Amino acid sequence: MSSPALTPRRGWVIQKFGGTSVGKFPDKIADDVVKVWNESNRVAVVCSARSSHTKTEGTTSRLLASADVVLDADDDNQYLHFLEKITIDHVENAMEMIQSKKIQAKLIEDTHHEIEEARKLLYASQIIGEVSPKTLDCIMSCGEKLSCLFMAALLNDRGIPAEYVDLSNVVTKDFGTVLDATFYRSLASRLHEIISAIDSSKVPVVTGYFGTIPGGLLNGVGRGYTDLCAALVAVGVDADELQIWKEVDGIFTADPRKVTDARLLQSVTPEEASELTYYGSEVIHPFTMEQVIKARIPIRIKNVENPAGEGTIIYPQNVGRKGEATPPHPPTAVERLPSSIYNKIKTATAVTAKSDIVVVNIHSNKKTLSHGFLAHIFSTLDKYRLVVDLISTSEVYVSMALYVTKTDRKLLRSTVEELKRFGEVEVTHDMAIVSLVGIHMKQLIGIAGAMFKTLADERINIEMISQGANEINISCVINKNDTVKALNAIHSKIITDPFKSNLAIELTSKVSELRLDQY
Ligand SMILES: Nc1ncnc2c1ncn2[C@@H]1O[C@H](COP(=O)(O)OP(=O)(O)O)[C@@H](O)[C@H]1O
Ligand SMILES: N[C@@H](CC(=O)OP(=O)(O)O)C(=O)O
């Protein structure tokens, strides 16, 4: 299969591969993706740290775990066990995947070297008695170095000339001290210099870790920084396309692993992609969107196991670039309807769910006025770095949906204890947020009611409701055990075939065509 030449001038295509893809399908990445696309375009590869099975057991997670235990007085060598697992995993992978003995030996030597560097940092942290954000970033960077050393070796081993690019020290003080537009512009410009300097016959294999940025990469960007790195590389070289390669065919109308009749979306808007990512669909890091959309670079989500698939494109609605424009945004209703009706139906684009949600209700003890009440609450949450996903408030009541993973449980207990100073606190665990997302929802009267009625018909209790200020997201909090049932019911009634609930006709008839046709 020859790759589509996006432009005759062999423009850049930046291909980002997540950790599980690098861990599970390195051969497909090399032979079915990079090699094919590099025939007609200039490809640069950006990789995350390898995860042989799942991200939680992946290299980055192991490195962060080693930093977690390095100060543990009970067992001051526990961190070495994590490094040992990483070493075995990567050396065995090198021996299995690299045929050339010379390339294999060099890769194994480099692997041991990078892990030794991480060990030195951990040992130094143990001696000093602390792991600073900068040190943590440097320890974490070992993962991307290992995976990109491997990917470059694999490409060379398979006859695809490649060059390893370590971005650990790409950030310099003259980029500024805050993560603002100036910082990202300077970084993108530096990336352009680095990538463009590489021999045009070689594929740059770039670490998704891009250095100790102001405030720290893990603190400032969080997990998923490779998406952002790939975006900045794309902006830097003015790429024709940024491709995010995953293990699903693109963005679906729901999680295809939970909703069997979920359908692939041809395109979504950046706003929809951000909402879907934030509320559970793990599509792409929101910071990434901002960078490439401003540069009007389309983002395509594709599947490593199905590279011939079209994937899903994320692009400002119908904002053409270099002549092409995004395909019209699908209304997503079932296509088998007569086109005269199908093209008029507008409904939500997708439904998504986010787990690990805890609802915290606070009834003010009225010792402070409402603005002080809210200020105290938010400063307490900020102190313990807990993320508020949804909030609804009145003068004396605040209900919040907090994202609390197992590792945050201790922080939650401390937060609740402190919040009790401002009123009575109730905590409900094991909840989930279900969100209906769609650019058309701005014009659809009744869609919120249809969503909540669908849940009521399934006897699913709603703990909390919230509509995003951008009007393209309606969310509610339910018991996590009802998540799959809720996703399937909403998907069936509102997205797959709104006709079933007579929703489409009612919704379309209620909203003026003029407003509807904005998108
Ligand atoms: N609307 C959606 N469209 C596509 N995938 C979704 C959606 N909602 C949730 N998902 C889930 O997101 C996950 C994407 O994971 P994966 O393909 O492994 O990405 P990565 O390689 O970046 O980690 C899949 O498990 C998929 O089931
Ligand atoms: N390797 C890092 C960064 C990352 O972006 O991973 P992924 O692309 O697999 O989400 C992590 O595990 O968080």
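Start at 1 and go down the list; that is how both ligands and their atoms are numbered. All residue numbers in this chain count up from 1 along the given sequence. All values reported here derive from a predicted model rather than from experimental measurement.
Using a 4.0 Å cut-off between heavy atoms, Ser21 contacts ligand 1 through its side chain alone, with no backbone atom that close. For Glu144, every heavy-atom contact with ligand 2 shorter than 4.0 Å involves the side chain, none the backbone. With a 4.0 Å heavy-atom cut-off, ligand 2 is reached by no atom of Tyr209. Of the heavy atoms in Thr60, only side-chain atoms (C-beta onward) come closer than 4.0 Å to ligand 2.
Counting the atoms of ligand 2 from 1 in the order shown, those under 4.0 Å from a heavy atom of Arg223 are 11 (C), 12 (O), 13 (O). Remark: ligand 1 atoms within the under-4.0 Å shell around heavy atoms of Gly250 are 3 (N), 4 (C). Atoms of ligand 1 lying under 4.0 Å from any heavy atom of Ala254, numbered from 1 in the order shown and given with element: 1 (N), 2 (C).
Contact analysis leaves Ala350 out of contact with ligand 1, as no non-hydrogen atom separation drops below 4.0 angstrom. Ligand 1 does not have Thr352 within reach: every non-hydrogen atom of the residue lies 4.0 Å or more from it. Residue Ala262 places every heavy atom at 4.0 Å or more from ligand 1. The shortest heavy-atom distance from Thr20 to ligand 1 is under 4.0 Å.
Remark: Ala486 pairs with Val434, Leu455, Ile460, Ile478 by the side-chain contact (heavy atoms from CB on, under 4.5 Å) rule, at least two apart or across chains. With sequence neighbours excluded, the residues that form a side-chain contact (heavy atoms from CB on, under 4.5 Å) with Glu116 are Arg119, Lys120.
What you find for Thr59 and Arg50 is that their closest heavy atoms are OG1-O, 2.8 Å. Heavy-atom minimum distance, Cys229 versus Phe210: CB-CD2, 3.5 Å.
Comparing Asp255, Val304, Val437 by heavy-atom distance to atom 26 (C) of ligand 1, the nearest is Asp255. Heavy-atom proximity to atom 7 (P) of ligand 2, evaluated over Ala230, Ser48, Ser21, is greatest for Ser48.
When only interatomic distances are considered, the shortest N/O to N/O separation between Trp245 and ligand 1 does not fall below 3.5 Å. Considering both main-chain and side-chain atoms, Ser281 comes within under 3.5 Å of ligand 1 through a nitrogen or oxygen pair. Of the N or O atoms in Gly19, one or more lie within a sub-3.5 Å distance of an N or O in ligand 2. Geometrically, ligand 2 and Asp227 share no nitrogen or oxygen pair separated by less than 3.5 Å.
Side-chain atoms of Asn488 come within 3.5 Å of backbone atoms of Lys258 as a donor-acceptor pair (strictly under, hydrogens ignored). Looking at Asp249, its side chain never comes within 3.5 Å of a backbone N or O of Gly311 through a donor-acceptor pair.
Both the sub-6.0 Å distance and the 45° axial angle are satisfied by Lys354 relative to the ring of Tyr278.
Within 6.0 Å of NZ on Lys480 lie no more than 12 heavy atoms contributed by other residues, nucleotides or ligands.
Side-chain contact check for Thr135 and Ser132: at least one donor-acceptor pair (N or O, by modelled atom type) lies under 3.5 Å.
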